[in-house]
Amino acid sequence: MSFDLNSLLRPHIAKIQPYTSARDEYSGKEGIFLDANENPYGSITDEDFNRYPDPYQLALKTEISKIKQVDPSQIFLGNGSDEAIDLLFRAFCRPGKDNVILLPPTYGMYEVSAAINDVETKKVSLSIDFQLQVDLIFEKVDANTKIIFICSPNNPSGNKVNRQNILYILQKFEGIVVVDEAYIDFNDEPSFTTHLSEFPNLLVMQTFSKAWGLASLRLGMAFASRELIQILNKIKPPYNISGLTQDTVLESIQNVGKVNRMIAEILEERAYLEKELSNLTFIQKVFPSQANFLLVKMPKANEVYQALIDSKIIVRNRSKVVLCEDCLRITVGTRYENETLISALKNVFSEIEN
Ligand SMILES: *Cc1c(COP(=O)(O)O)cnc(C)c1O
C-alpha cells in the first residue's frame, strides 16, 4: 500500500495558517496577563474560570499518554469523539467529490457528519454475524474514497470486529482507516493503538463518555501518527476543551482504580442481564456483547419499546436499522435497573400475548 497523507489532504487545508491564540504566542504561567481580554478580577462563580485554558491540553495529554501508552504528540482531544469525526471530514473530504465507506449497522454520527459536510457515503453492510465483508468493501473503494469507518466493538450490535480483517484493510486501503473504540474498556482484546507505529493511515478513537462515566464533560480522544494529529490540531477551534473538563479529567485519571471497579461491575451486570434475558421465552436472541449494552431481538419490538416507555424504562429502538430488525438496544444498568427491566418485560409480554 502506498499511503501519502499530504496528497490525501484537501489542498486548501494544507495551506491554512492556523489561528494563533494568545496562549499560543505566550505560554508561560507567570506574569501580568493583559493579552487575552480576560476579566482580571476573577469569575462570577466561586471557582476561577476567567483565564482561557491550554489550547493543546498538554498536562492532560501527558497523563493520558501514560495510561494509553501513546506519545502525547500522537493524541488529539476533542469535544467528544464527534469533534474528531467532523474534523476528519473537513480535512480530507472535498464536498460533493470525495466519499467515505460506512459499514451499517453502525454508529449514526459518521453518516450525519458526512451529510453536514456534503460528503457521499458508500455503504457496505456487515455480514449477518456483524463482521466485515472485506471483498465487498474493496469493490466500493474508488479514487475518491478517503476514509473507512470501522466501529469495534460495534454499536449497535455489540460484537468486536475480526482483528485480522481490520489489519488487512489497514494494509490495503490507501486512505484513512478509523477504528472507533468507544467500547474498548468492555472488550477483552487490546486496543488498535498497539498498531499505530505500523500503520500511518490508522486513527483510533476512544472516549471518556462510556466506561469513565464522563459523558457530560464531552471528551473524546483520537490516536494517530504525529502528522495526522497535527492536521487535526491545526483546524480545531483553538480552545475546544474547556478548562473545567481538562482539570476534572486530569483528576479522574488519578483514580483508574475506581474506573476498573465500575467496569468489572458492568461486566458482571452484562452477564446477569444476558442470562436473565435469554431465560425469557419470548426473547428470540440476545446477541453476544463486548460492550456495555445488549442487542436483543424479540417479536413486536416497536410495541415493546412503547410499552417500556409507559413504564418509564427507556431503551433504544433499533428495529428499523439494517440487520437489527425487531431489535432493541439495551444499556447495561445497575442490578436494580436490570431487575426492573426484566420484570417490566415480563409484564409487557404477558399483556401482548393476551
Ligand atoms: C458513544 C459513542 C461514541 C462517543 O462519542 P462522544 O462524542 O465521545 O461522547 C463514539 N463512537 C461510538 C460508536 C459510540 O457509541
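Since this is a predicted model, take the numbers as computed values, not measurements. We count ligands from 1, going down the list as the structure has it; atoms in each ligand are counted the same way. Throughout, residue positions are numbered sequentially from 1 according to the sequence presented.
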Legend entry - Parallel, tilted or perpendicular, as decided by the 30° and 60° cut-offs, for the rings of Y107 and Y110: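 Ring orientation, 0 to 90° scale: perpendicular.
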
Inset, instruction - Measure centre to centre between the rings of F149 and F89, then say whether the value is under 6.0 Å. - result: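 So the answer is yes for these two rings.
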
Inset, instruction - Give a yes or no on whether E265 atom CD has more than 12 heavy-atom contacts from other residues, nucleotides or ligands under 6.0 Å away. - result: no

Inset, instruction - Could you walk me through whether E269 and R335 pass the salt bridge (charged side-chain N to carboxylate O under 4.0 Å, His left out) test, one step at a time? - result: CA-CA 7 Å; E269 283 308 307; R335 176 58 57 98; 3.0 Å; yes

Inset, instruction - Using heavy atoms and a cut-off under 4.0 Å, could you grab the residues that are in contact with ligand 1, chain by chain, numbers ascending? - result: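 The 4.0 Å shell around ligand 1 contains G80, S81, D82, Y107, C151, N155, D180, A182, Y183, T207, S209, K210, R218.
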
Legend entry - Any donor-acceptor N/O pair, N292 side chain to A211 backbone, under 3.5 Å: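 A pair under 3.5 Å: no.
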
Legend entry - Whether N99 side chain and K122 backbone form a donor-acceptor pair below 3.5 Å: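 No; judged by distance alone, with no hydrogens or angles, the pair does not exist.
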
